[in-house]
There are 2 protein chains.
Amino acid sequence: MSGAPTLLRPRAARKSFDDRRAEIVRKAASFFAQSGFDATTRELAAWLGTTQPLMYRYFPSKNALIEEVYEAVFLQSWDTAWDALLTDRTRPLHDRLCDFYNRYTDAIMHPEWMRIYLFAGLKGVDITGLYIARVEARIIRPVMVEMCAETGLVITPDNEAKLLELAWSLQGGIFYYGVRKFVYATPVHGEKRAMIEAAVDVYVKAWPK
Amino acid sequence: MSGAPTLLRPRAARKSFDDRRAEIVRKAASFFAQSGFDATTRELAAWLGTTQPLMYRYFPSKNALIEEVYEAVFLQSWDTAWDALLTDRTRPLHDRLCDFYNRYTDAIMHPEWMRIYLFAGLKGVDITGLYIARVEARIIRPVMVEMCAETGLVITPDNEAKLLELAWSLQGGIFYYGVRKFVYATPVHGEKRAMIEAAVDVYVKAWPK
DNA sequence: CCGGCTATTTATCGTTAGATAAATCTTACC
DNA sequence: GGTAAGATTTATCTAACGATAAATAGCCGG
């Protein structure tokens with residue numbers, strides 16, 4: 001009856017190429033975090049408030065967009081201030097570790113980061129291996145070194161593997177709190193800060209001498 | 001030229017209804033663990049060595065098969081002997097915990113279990129919430145109780161949340177070793193047994209008093 | 001206010017997914 | 001060894017996916 005086209009959705013506001021492109025990457029991150037990378041481009045378009053073919057003006061394929069999402073999530077979320085924090089021996093080790101893990105988890109412990117991290121890992125995406133290597137080089141190994149400096153334990157080829165895994169188990173214990181909360185949507189007990197405090201305390205108190 | 005049909009694959013051996021059905025569930029678990037639940041039924045058929053429509057004789061839909069895979073993986077992999085192990089106070093706590101975590105991780109730390117657990121969690125499958133609730137009731141809480149019995153700490157409504165999360169962080173630290181190994185295919189340092197030993201040691205030594 | 005540039009939409013293509021129906025092969029039993 | 005039951009395969013349908021091409025609409029300079 002009406003001469004106007006029956007649109008369920010208002011026409012998307014016209015934006016500059018760069019603005020639209022950045023918006024797609026940003027919103028695609030939260031969309032794929034929620035729905036997984038097998039979600040359809042039509043659902044993504046609905047999430048964006050546009051039509052499905054629009055993204056092909058900005059990215060040659062769905063996979064090309066996904067690659068950009070990986071880079072935005074994993075490569076642009078590392079604060080270089082963290083590195084100095086861990087090795088600042090003017091502060092007590094316990095404080096440094098709590099401070100670091102509070103800041104680090106503030107950056108990664110939200111649904112978007114955690115779910116994309118796991119989606120990408122299960123998919124076998126290369127960048128996750130690079131990310132874990134960076135975590136080991138810039139968190140795990142410094143934590144090990146600082147812990148041993150505190151207790152006076154000398155790191156040798158014989159005990160290094162065990163000590164690295166011990167530092168990983170601290171990291172993993174903290175990380176799994178976020179997995180339970182944001183991936184499994186399971187109730188956790190108390191605030192993140194208290195959990196970090198308690199876990200760090202155990203490792204500082206009982207790190208091998 | 002040849003009168004015989006050009007089959008790339010030999011005809012599947014004829015099996016009884018129950019045997020074939022059980023085989024599909026079993027092999028589907030390892031298939032979906034590797035390829036994710038969005039892998040196609042045709043790829044699954046190739047994995048099974050059959051044709052694609054065969055599974056529809058045994059399961060009404062792909063999702064119905066997936067549901068059975070969940071149950072096989074999560075509900076039938078719990079050894080009731082574990083429960084008694086944790087609370088056997090005739091043995092030193094450290095030994096009990098190492099023994100338990102070695103057995104428990106023997107059961108779950110392989111690609112099939114770990115990857116399906118994460119796939120299901122990301123997909124929001126109900127059964128994962130039930131599984132986590134069971135872990136908390138039958139591992140985390142007993143560990144907390146046994147630890148506190150050892151140190152003499154009385155569990156109160158005030159400290160319970162912190163203590164539960166501390167027991168969770170031990171579990172998570174151990175679990176993340178398997179995630180790195182089987183989900184991210186990242187090299188780990190040393191054997192699982194040594195990692196468990198070192199982590200348990202830290203928690204036993206520094207559990208709050 | 002007009003003309004062109006380009007962001008956005010409409011329409012559609014080819015492929016492949018899950019699923020169904022009918023045909024065929026294998027086994028068990030008399 | 002013939003026959004019925006049922007396990008497996010072949011052939012195919014419909015819907016939905018990623019992707020492309022052509023049409024439309026909004027903005028900016030003249």
Side-chain angles (χ1 to χ4, degrees), chain A residues 2-29 31-32 34-70 119 123 125, chain B residues 2-29 31-32 34-70 119 123 125:
Chain A
S2 160
T6 58
L7 283 179
L8 295 169
R9 170 186 48 76
R11 186 183 182 89
R14 189 187 175 99
K15 298 192 175 179
S16 78
F17 186 89
D18 289 347
D19 284 355
R20 178 66 78 189
R21 194 175 198 286
E23 185 199 29
I24 292 176
V25 173
R26 184 169 43 82
K27 289 192 176 174
F31 170 72
F32 285 127
Q34 184 180 68
S35 305
F37 291 115
D38 294 291
T40 71
T41 56
R42 283 170 177 82
E43 288 171 314
L44 170 60
W47 184 269
L48 291 166
T50 67
T51 54
Q52 179 254 350
L54 187 66
M55 62 156 272
Y56 290 92
R57 289 294 260 204
Y58 300 88
F59 306 93
S61 69
K62 181 185 173 186
N63 258 335
L65 169 59
I66 288 174
E67 289 293 324
E68 293 231 13
V69 169
Y70 289 144
F119 274 124
K123 208 174 164 185
V125 175
Chain B
S2 158
T6 58
L7 283 178
L8 295 170
R9 171 186 47 78
R11 186 183 182 90
R14 189 187 175 100
K15 299 192 175 179
S16 79
F17 187 88
D18 289 348
D19 285 355
R20 177 66 78 191
R21 194 173 198 284
E23 185 199 29
I24 292 176
V25 174
R26 183 168 42 84
K27 290 191 176 175
F31 170 72
F32 285 128
Q34 186 180 66
S35 305
F37 291 115
D38 293 293
T40 71
T41 56
R42 283 170 177 81
E43 289 171 314
L44 170 59
W47 183 271
L48 292 167
T50 68
T51 54
Q52 179 255 348
L54 187 66
M55 63 156 271
Y56 289 93
R57 281 292 236 218
Y58 300 88
F59 306 92
S61 70
K62 181 185 174 186
N63 258 335
L65 169 58
I66 288 175
E67 289 293 323
E68 293 233 14
V69 168
Y70 289 145
F119 274 123
K123 209 173 162 185
V125 176

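This one's a predicted model, so the numbers in the text were calculated from it and none came from an experiment. Lettering of chains follows the sequences in order, A, B, ..., and the numbering in each one begins at 1.
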Undergrad: Any N or O donor-acceptor pair under 3.5 Å from the base of D/dG6 to the side chain of B/Arg14?
TA: yes

Undergrad: A/Ala12 and A/Gly49: which non-hydrogen atoms are nearest, and at how many Å?
TA: CB-O, 3.5 Å

Undergrad: How many angstroms lie between CE in B/Met55 and CZ in B/Arg42, if you round to the nearest 0.5 Å?
TA: 11.0 Å

Undergrad: Looking at NZ of B/Lys15 and CZ of B/Arg21, how far apart are the two atoms once the value is rounded to the nearest 0.5 Å?
TA: 15.0 Å

Undergrad: Sub-3.5 Å donor-acceptor pair from the side chain of A/Trp47 to the main-chain atoms of A/Lys27, do we have one?
TA: yes

Undergrad: Using atom CZ of B/Phe59 as one end and atom C1' of D/dT8 as the other, report the distance to the nearest whole Å.
TA: 16 Å

Undergrad: Can you tell me the distance, in whole Å, between the CZ atom of B/Arg57 and the P atom of C/dT20?
TA: 12 Å

Undergrad: Given D/dT20, is OP1 or OP2 found less than 4.0 Å from the side-chain N or O atoms of A/Tyr56?
TA: no

Undergrad: Near DNA chain D, which residues from residues 45-53 of chain B have a heavy atom under 4.0 Å away?
TA: B/Thr50, B/Thr51, B/Pro53

Undergrad: For DNA chain D, find the residues of residues 17-25 of chain B with a heavy-atom distance under 4.0 Å and give them by number; none if there aren't any.
TA: B/Phe17, B/Arg20

Undergrad: Counting heavy atoms from C-beta on, name the nucleotide in C/dA19, C/dT9, D/dT9 closest to the side chain of B/Lys62.
TA: C/dA19

Undergrad: Within this structure, what is the CD-CD distance for the pair B/Glu43 and B/Gln34, rounded to the nearest 0.5 Å?
TA: 10.0 Å

Undergrad: Check the distance between D/dT20's P and A/Leu54's CG and give it to me in whole angstrom.
TA: 14 Å

Undergrad: Are A/Thr50 and A/Arg20 close enough that some pair of their side-chain heavy atoms sits under 4.5 Å apart?
TA: yes

Undergrad: Under 4.0 Å between any heavy atoms, over every strand shown, what does B/Tyr58 touch: base, sugar-phosphate, or nothing? Just pick one.
TA: sugar-phosphate

Undergrad: Can you tell me how far P of C/dT27 sits from NZ of B/Lys15, to the nearest Å?
TA: 13 Å

Undergrad: Using a heavy-atom cut-off of under 4.0 Å over every strand shown, decide if A/Ser61 touches base, sugar-phosphate, or nothing.
TA: sugar-phosphate

Undergrad: Which atom names give the shortest non-hydrogen contact between A/Phe32 and A/Ala39, and what distance separates them?
TA: CE2-O, 4.3 Å

Undergrad: To the closest 0.5 Å, what do you measure between CG (B/Leu44) and CG (B/Leu65)?
TA: 6.5 Å

Undergrad: If the plane angle is over 60° it's perpendicular, under 30° parallel, otherwise tilted; pick one for A/Phe37 and A/Phe119.
TA: perpendicular

Undergrad: So does A/Arg9 get a side-chain nitrogen or oxygen closer than 4.0 Å to the phosphate oxygens (OP1/OP2) of C/dT9?
TA: yes

Undergrad: Nearest whole angstrom, please: distance from the P of C/dA7 to the CE of A/Met55.
TA: 16 Å

Undergrad: If the test is side chain to side chain contact (heavy atoms under 4.5 Å, CB included), which one of A/Val25, A/Asp18, A/Ile24 qualifies with A/Tyr58?
TA: A/Ile24

Undergrad: Which value, rounded to the nearest 0.5 Å, describes the distance between A/Tyr70 atom OH and A/Asn63 atom CG?
TA: 7.5 Å

Undergrad: Let's see if you get this right: which residues in residues 34-43 of chain A place a heavy atom under 4.0 Å from DNA chain D?
TA: A/Ala39, A/Thr40, A/Thr41, A/Arg42

Undergrad: What contact category does B/Ala13 fall into here, base, sugar-phosphate, or nothing, at under 4.0 angstrom with non-hydrogen atoms?
TA: sugar-phosphate

Undergrad: How many angstroms lie between OG1 in B/Thr41 and NZ in B/Lys62, if you round to the nearest 0.5 Å?
TA: 6.5 Å

